[in-house]
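Worksheet for the structure shown next.
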Amino acid sequence: MAVTHPLDPYLRVDRIPTMWCPGCGLGIALGAILRAIDRRIEEGLLKKENIAFVGGIGCTARMTLYPYFDSAHVIHGRAIPFAIAVKVVKPEMKMVIVGGDGDIAAIGGNHLLHALKRNADLLVIMVNNMTYGMTGGQLAPTTPRGLYTTTTPYGNPERELNVIKLAAALGANYVARSSITHPQLLERTIYKALAKRGLAFVEVLSTCPEIFGRHIGLRNPVDLYMELKKKVTVKTNPSIEESDYDWGRGFVIGEFVDRDEPGFLDTYREYISKSFGGGAV
Amino acid sequence: MRYEYLTGNIAIAEASIVSGLKFYAGYPITPTSDIFEHLARELPKYGGHVIQFEDEIASINAVVGASWACAKAMTATSGPGFSLMLEALSLAVITETPLVVAYVMRTGPSTGVPTRSGQYDVLQSTYGFHGGLVIPVLAPSTPQEAYDLTVKAFNISEKLRTPVVLLSDAVVAHTYGKVAIRERSEVEIVDRSKPSTPLSEYRPYDPVDGLVPPMACFGEGYSVLVESLTHDERGYYAPRSDAQRKLMWRLYRKITESSGKLFDYSSLYLDDCDVALVSYGSTALSTQVAAKTLRERGVRACSLKLKTLFPIYEEGISKLLKNVEKVFVVENNVGLYYRELRGILKDRDVVSVPLIDLDVPLPQEVVGVVDKWL
């Protein structure tokens, strides 16, 4: 009998191996996400047929190709509006959005902003490798200042976008930063985020040795992994000020926001049912 | 059936409800916002959802998502918004997502004259998106046609798993007319075909024994794959010439081979005609009058109003015009659809009548141009 992996029921195993480069952090991230989902399914909180993955374009968005759930691999930056519509039509769905920092925070930034403002009922997982990996290492909104990219060959002159602060400021119910260097913690974070109503935003710091690492002299996957691990500090209930995004001084990971305001579906249904006696939606 | 006095825009909104619309996403834009506002008021009464998004890009992507959640879905926009929607229309084409875009043309390019009319976007409506395929385009010229063609647009989108553009214009949008409103039971409503295979064997892009695959949606246990990459029948990325060829030809054929079934037109004096005035949308109103005027003067003129603009039913149009000596293509732009017709009427004398007017070109303007060629 063939040897099986405990997560095989959640994977399109005929599509493995993945398209990701050796040493890429995305495999660790996907493993943690699926283990967290498995625990929620075992608990009876989620049903397999009601989980959907949606991604735009990029290495992280390709994560939608492998999980054995309803999945959509759509266009660059537009996973969020696609997912909001599915959730409105079928509120029983758990929408998991996976995207890179470019997909979610650059081209998809306006949709993220408005999803946060709505507190839309979505789990947004932004895997941040600080570069455009799939297209060969161009500038990302999260690229640390000063670093080489193929489109800023004399060094990145721009400030970094701290998406944690953006998500917290616009009122997401759950805002956490995690890292693939801490897989158990990442799994716990996703596990918790899966149970939230409203918008749960999880940034996952990750490694791209082939592109980002190569450009900064850390092409060996272990070297880049150890470098990121050195820069990460785990904190319990850190304040939002501690979320500062600084490659030089390092990154605090932990839960920055955990609240339980009504999500978009709650308020949407409240106003509609107020007008139609609860019968319409 | 009952009669109401409606504008073209409200006729579209009412017909979409009868067609089974369950999700509308939009962004305000002149001259379409009253479709949005009417549906925001009415659609929740029928269990549907109406949401204003942050832009037209979000709106059309939400419409694609809603369609994969089993809801009949629509948005409405005008030139600037449609330009923003093109990338997602291409997504809807390759993922074979049924949806309707009501495209109410205004004067362009760019901001142009937002409150006034034109037909500048007739080619963009089908050729605008990247990928080199065709989506069906229907063009009403009256509120009644807006109503009837909306129902037809939804049916085509469901039957062929394709986006459909309902191409109206600012004149049709806000002109009142008598409209026969039909109840749900009085209208033929087509719903997408659902898979009959076991859950684990479902292949979302396998047309089985035709050209259009049955469509499962999210939350039904089929583990559906919505894939923007070139894919095989399973929805798996297939970067190979054979897979690209197979997908392209099927997507192309499912639309073009339906051109006869999708074809819709109306005509005046066509069976006794030397000089045919071909038109569509609001310009057709003047063209019909121009044909009558010419006949009163003894010219054997007729008018042909095309309600289906794409896919072009080449054999059908050639046949309708086979006994005609001269064909005039009248439109409110620089002569765009003329190029399409010239291509299929090679053995006929085809003349462009491009009239640029912020409202409907007047019948005497049409006659004036035609006279020069007679």
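A, B, ... follow the sequence lines: proteins, then strands. Residue 1 opens every chain.
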Heavy-atom neighbours of [X] [atom1] exceed 12 at 6.0 Å:
X	atom1	value
A:Lys196	NZ	yes
A:Lys165	NZ	yes
B:Tyr202	OH	yes

Pick whichever of A:Lys47, A:Lys90, A:Glu49 has the most heavy-atom pairs under 4.5 Å with chain B.
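Most heavy-atom pairs under 4.5 Å with chain B: A:Lys90.
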
Name the option with the most non-hydrogen atom pairs under 4.5 Å to chain B; the candidates are A:Val74, A:Val54, A:Ile84, A:Ile80.
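Ranked by heavy-atom pairs under 4.5 Å with chain B, first place is A:Val74.
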
Quick check on [X] against chain A: is it the side chain, the backbone, both or neither that has a heavy atom closer than 4.5 Å?
X	value
B:Thr97	neither
B:Ala58	both
B:Ile51	side chain
B:Ala88	both

Check for me whether A:Arg118 meets the cation-pi criterion with B:Phe53, that is, NZ or CZ under 6.0 Å from the six-membered ring centre and within 45 degrees of the ring axis.
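Positive - A:Arg118 is close enough to the ring of B:Phe53 and near enough to its axis.
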
Hey, could you give me the [atom1]/[atom2] distance between [X] and [Y], rounded to the nearest 0.5 Å?
X	Y	atom1	atom2	answer
A:Arg12	B:Tyr236	CZ	OH	5.0 Å
A:Asn110	B:Ile57	CG	CD1	8.5 Å
A:Ser275	B:Lys45	OG	NZ	10.0 Å
B:Glu220	A:Asn50	CD	CG	11.0 Å
A:Ile75	B:Glu87	CD1	CD	3.5 Å

Out of B:Cys217, B:Gly221, B:Ala66, B:Gly219, which one racks up the most heavy-atom pairs below 4.5 Å with chain A?
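So the answer, after comparing B:Cys217, B:Gly221, B:Ala66, B:Gly219, is B:Gly219.
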
Sort [X] into side chain, backbone, both or neither according to what part of it lies under 4.5 angstrom from a heavy atom of chain B.
X	value
A:Tyr66	neither
A:Ile57	side chain
A:Tyr68	both
A:Lys117	neither

Distance-minimising heavy-atom pair for [X] and [Y]:
X	Y	value
A:Val89	B:Ala69	CG1-O, 3.4 Å
B:Ala62	A:Ala85	O-CB, 2.9 Å
B:Phe218	A:Asp70	CA-OD2, 3.2 Å
B:Gly48	A:Tyr268	O-OH, 4.2 Å

Looking at A:Phe82, is its backbone amide N or carbonyl O close enough to the side chain of B:Asn61 to form a donor-acceptor pair, meaning the two atoms are under 3.5 Å apart?
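Absent.
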
Passes ring-ring contact (aromatic ring centres under 6.0 Å, His included), B:Tyr237 versus A:His73? Steps please.
CA-CA 10 Å; B:Tyr237 181 36; A:His73 179 226; 8.3 Å; no

Using the side-chain contact (heavy atoms from CB on, under 4.5 Å) rule, take A:Ser71 and B:Glu227 through it: C-alpha gap first, then chi angles, then the decisive distance, then the call.
CA-CA 8 Å; A:Ser71 297; B:Glu227 184 52 85; over 6 Å; no

Checking side-chain contact (heavy atoms from CB on, under 4.5 Å) for the pair B:Glu54/A:His111: CA distance, chi angles, key distance, verdict?
CA-CA 7 Å; B:Glu54 51 273 19; A:His111 308 308; 2.9 Å; yes

